[in-house]
Each structure stands twice: as C-alpha cells, then as structure tokens.
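All values below come from the heavy atoms of this structure, side chains included, with hydrogens, waters and symmetry mates left out. Counting convention: from 1, in listed order, for ligands and their atoms alike.
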Amino acid sequence: MFDLSGKIALVTGASRGIGRAIAYELAKCGATVIVNYLSSEEKAKNLAQEIEKLGKKVYLSKFDVSNYEEVKSKIKEIEEKVGGIHILVNNAGIVKDALLLRLKEEDWDRVLKTNLYSVFYVTQAVLPMMIKERFGRIINISSVVAFTGNPGQTNYCAAKAGLIGFTKALALEVAGRNITVNAVAPGYIETDMTKELPEKVKTAFLSEIPLKRAGLPEEVAYLVNFLASDLASYITGCVFHVNGGLYRD
Ligand code: NDP
C-alpha cells in the first residue's frame, strides 16, 4: 500500500462512482480527504462516514466545479479550514449525449463547462497552495473516448481530449516546482454514468474489451493512488489507460 499520510487530497465529484472509490482509496493510504460533490449530499455523507470508520480525517465540500466564482471561494475556504492541498484529482464529469446534428448548444456548453473548464477553474485555485507546499500531484480523469472517439459524444470527446492537452502543457509549466500532472483515461467502468448507456452500446463495448468485462471504480483508484504517491515522483505529463485492453498506445 502507498503511504499518503500527512497529505491533503481534494477529489472533485467524489459522491459517487469513480470519484468515490478514489477518495476512499486515498484515505485508506492515509491521506486527509476533501470530498467534493454537487447534488448527492446523502451519498457524500455516507462516504464521509465510511472514511471516518477507517480512522481518517474527511471534509465535505459542496460546490459546482463549473462555476468559476464558487470554485474560487470554496477552495479558499478549504485552505483556511483544512490547510494546503497536496493532491488534486479532477474527476467530476457528466455526459449529455446526442448526434452532432441534434446536439443542443446548452448540452455542448454544459459538458465542456463541467468536464473541461472546471479543471482550469479548480486547478488554478489549488495551484498556489501546491507551489507554497513545494509538492503537488494533479491527476485528471479523462476517458478512452478522447482517443477512440464515440458517436453521440462529440461534446464529451472534445472535453476529454482537451484535458489531455491541458495535462501536458501544465506538466511543463510546473515541473520545476515539484508538481506532477498526469491524466488517467478509464475505459468502460461500472458506475451510474455507464448505467445510462443503451443496452446496444454496452454490449458493443463489452464485446470489444479483451479482458471481457467492465472495470470497477477501484481499478481506476489504485492507479490514482500510485500517481499520488512519492513512488511516482519522476512521472509527469503522461496519460495512463485503465480499460481492459480496449485501447492501447
Ligand atoms: P458518475 O456519474 O457516477 O459520478 C459523477 C460525479 O461527478 C458525481 O459525484 C457528481 O456529483 C459529480 N459532478 C457532476 N457534475 C458536477 C459539478 N458540476 N460539480 C461537482 N461535482 C459534479 O460518473 P463516473 O464515476 O462514471 O465518472 C467519473 C469521471 O470518470 C468523469 O469525469 C467521467 O467522465 C470519467 N469517466 C468515466 C467512465 C465510466 O465508464 N464510468 C469512463 C471514462 C471516464 P453529484 O452526484 O453530487 O452531483
């Protein structure tokens, strides 16, 4: 197990799915965790109880990652209450699928705002703390579809591919500050997000996965733990795939 004791981690969109697993696994490794959520208050509280049962510190922070002003004020509040953030996992995300010809402008905007602009908002607010701490681990959750494309997801694929460019550019900007920036690109992982997929799409995905099954949120979290740890100190600007062999590069 990786040792993250003494580290403070913020995980966006941690009330459910992959973010929940990441927050829980970071806590298991000893980190103090800030659980960000937006609408799933009960689920966020339940996660906080589970983390407390581990004997670890946890804080809840409700804010909309797609709202610049709200992000800035909530991150300031976290710094005052909890302290400087060492580990940031930009995980919050949504889908609003439609073929391009039918895609509504509001659904283009919503997906770009929540999946990509949010990463700029949260990272810009957190970065000064990492510079002060002379340590930082930024892990951005992208997607396999940033590499493969997916019909009906031009908005989502654009956002998740944008995140890769963001990761590589920021890695170069902050490398001299002992801050690493990496991206994790999950494949088909069992969460509420994939539950919404039509059966036809699920079956098509599964038939193409060499490991012949969907992934579990924990299987993404284990990689995040490693990237957040001291053992990953010489890794930056990279993308890591967790997809059962669905896409390889
Ligand atoms: P879920 O739909 O299960 O969970 C999404 C999480 O994001 C929830 O905790 C939700 O919080 C939060 N969230 C959504 N919008 C906002 C917002 N505006 N502000 C703050 N939090 C928000 O998704 P997954 O766990 O499946 O996905 C997590 C990440 O992994 C996403 O970025 C997704 O794109 C990516 N991914 C997922 C894959 C999969 O197969 N599941 C594959 C590849 C990538 P709340 O409920 O409190 O509103």
With heavy-atom distances below 4.5 Å as the criterion, would you say the side chains of I131 and I179 are in contact?
yes
Show which atoms of ligand 1 fall inside a sub-4.0 Å distance from at least one heavy-atom site of F63.
19 (N), 20 (C)
For atom 12 (C) of ligand 1, what's the nearest protein heavy atom and its distance?
G13 CA, 3.5 Å
Take L10 and I75, measure what side chain to side chain contact (heavy atoms under 4.5 Å, CB included) needs, and give me the verdict at the end.
CA-CA 10 Å; L10 167 63; I75 299 283; 3.6 Å; yes
Close-contact set for ligand 1 against Y37 heavy atoms, below 4.0 Å
47 (O)
Between the candidates G93, A14, S40, which shows the shortest non-hydrogen contact distance to atom 5 (C) of ligand 1?
G93
May I ask you to say whether R213 pairs ionically with E219, meaning some side-chain N is under 4.0 Å from a carboxylate O?
yes
Which of the numbered atoms in ligand 1 are under 4.0 angstrom from any heavy atom belonging to Y188?
40 (O)
Cluster check I22, V126: I/L/V/M/F/W/Y, side chain < 4.5 angstrom:
no
Would you say Y24 and K56 are linked by a side-chain donor-acceptor pair, where the criterion is simply a distance under 3.5 Å?
no
Sequence neighbours left out, cut at 3.5 Å: what donor-acceptor pairs do the side chains of residues 82-91 make with other protein atoms?
unit_1 : atom_1 : unit_2 : atom_2 : d
H86    : ND1    : I8     : N      : 2.8
H86    : NE2    : E133   : OE1    : 3.1
N90    : ND2    : T123   : OG1    : 3.1
N90    : ND2    : N140   : OD1    : 2.8
N91    : ND2    : T12    : O      : 3.1
N91    : ND2    : G13    : O      : 2.9

By number and element, which atoms of ligand 1 are closer than 4.0 Å to a non-hydrogen atom of I94?
14 (C), 15 (N)
F135 ring centre to K7 NZ or CZ under 6.0 Å, with the angle to the axis within 45°?
yes
Give a yes or no on whether a salt bridge exists between K195 and D192, defined as a side-chain N under 4.0 angstrom from a carboxylate O.
yes
Under 4.0 Å from ligand 1, counting heavy atoms only, is it the side chain of Y156, its backbone, both or neither?
side chain
Go through ligand 1 atom by atom and flag the ones less than 4.0 Å from a non-hydrogen atom of T194.
39 (C), 40 (O), 41 (N)
Structural part of R20 in contact with ligand 1, heavy atom criterion under 4.0 angstrom
neither
Region of N36 that comes within reach of ligand 1 [heavy atoms, distance under 4.0 Å]:
side chain
Min over N67, V65, N91, V89 of heavy-atom distance to atom 19 (N) of ligand 1 lands on V65
Taking atom 22 (C) of ligand 1 as the reference point, the nearest protein heavy atom with its distance
A92 CB, 3.7 Å
Can an N or O of S143 be found at a distance shorter than 3.5 Å from an N or O of ligand 1?
no
Salt bridge present between E79 and K132 (N-O < 4.0 angstrom)
yes
To atom 38 (C) of ligand 1, the nearest of A21, A214, G187 on a heavy-atom basis is G187
V95 vs E196, test: side chain to side chain contact (heavy atoms under 4.5 Å, CB included). Steps then yes/no.
CA-CA 10 Å; V95 286; E196 287 168 15; 4.3 Å; yes
Using the six-membered ring wherever Trp is involved, compare the ring planes of H241 and F147 and label them parallel, tilted or perpendicular (cut-offs 30° and 60°).
perpendicular
I'd like to check which ligand 1 atoms, numbered from 1 as shown, lie under 4.0 Å from a non-hydrogen atom of D192.
3 (O)
Non-hydrogen atoms of S118 versus ligand 1: any pair closer than 4.0 Å?
no
K160 neighbourhood, listing ligand 1 atoms whose heavy-atom distance to it stays under 4.0 Å:
31 (C), 32 (O), 33 (C), 34 (O)
Starting from atom 48 (O) of ligand 1, which protein heavy atom do you reach first, and at what distance in Å?
S39 OG, 2.7 Å
Return the closest protein heavy atom for atom 1 (P) of ligand 1 as residue, atom name and distance.
R16 NH1, 3.7 Å
Return the closest protein heavy atom for atom 18 (N) of ligand 1 as residue, atom name and distance.
D64 OD1, 2.8 Å
Ligand 1 N/O within reach of T114 N/O, cut-off under 3.5 Å
no
Is a donor from one side chain sitting under 3.5 angstrom from an acceptor on the other, for E208 and Y188?
no
Where does A44 meet ligand 1, judged by heavy-atom distances below 4.0 Å: at the side chain, the backbone, both, or neither?
neither
Among all protein heavy atoms, pick out the one at the shortest distance from atom 26 (O) of ligand 1; state its residue, atom name and that distance to 0.1 Å.
T191 OG1, 2.5 Å
Contacting atoms of ligand 1, where contact means under 4.0 angstrom from a heavy atom of G17
3 (O), 25 (O)
Just so I know, are the side chains of K72 and K76 near enough to count as touching, which here means a heavy-atom distance under 4.5 Å?
no
Within reach of ligand 1, part of L38 (heavy-atom separation under 4.0 Å):
both
What protein heavy atom is closest to atom 9 (O) of ligand 1, reported as residue, atom name and distance in Å?
S15 OG, 2.8 Å
With a 4.5 Å heavy-atom cut-off, do F205 and T194 have their side chains touching?
no
Under the side chain to side chain donor-acceptor pair (under 3.5 Å) criterion, do Y59 and E77 qualify, and how do the steps go?
CA-CA 12 Å; Y59 297 85; E77 195 181 291; over 6 Å; no
Among all protein heavy atoms, pick the one closest to atom 37 (C) of ligand 1 and tell me residue, atom and distance.
I18 CD1, 3.6 Å
What I'd like to find out is whether the side chain of L227 reaches to under 4.5 Å of the side chain of R137, using heavy atoms alone.
no
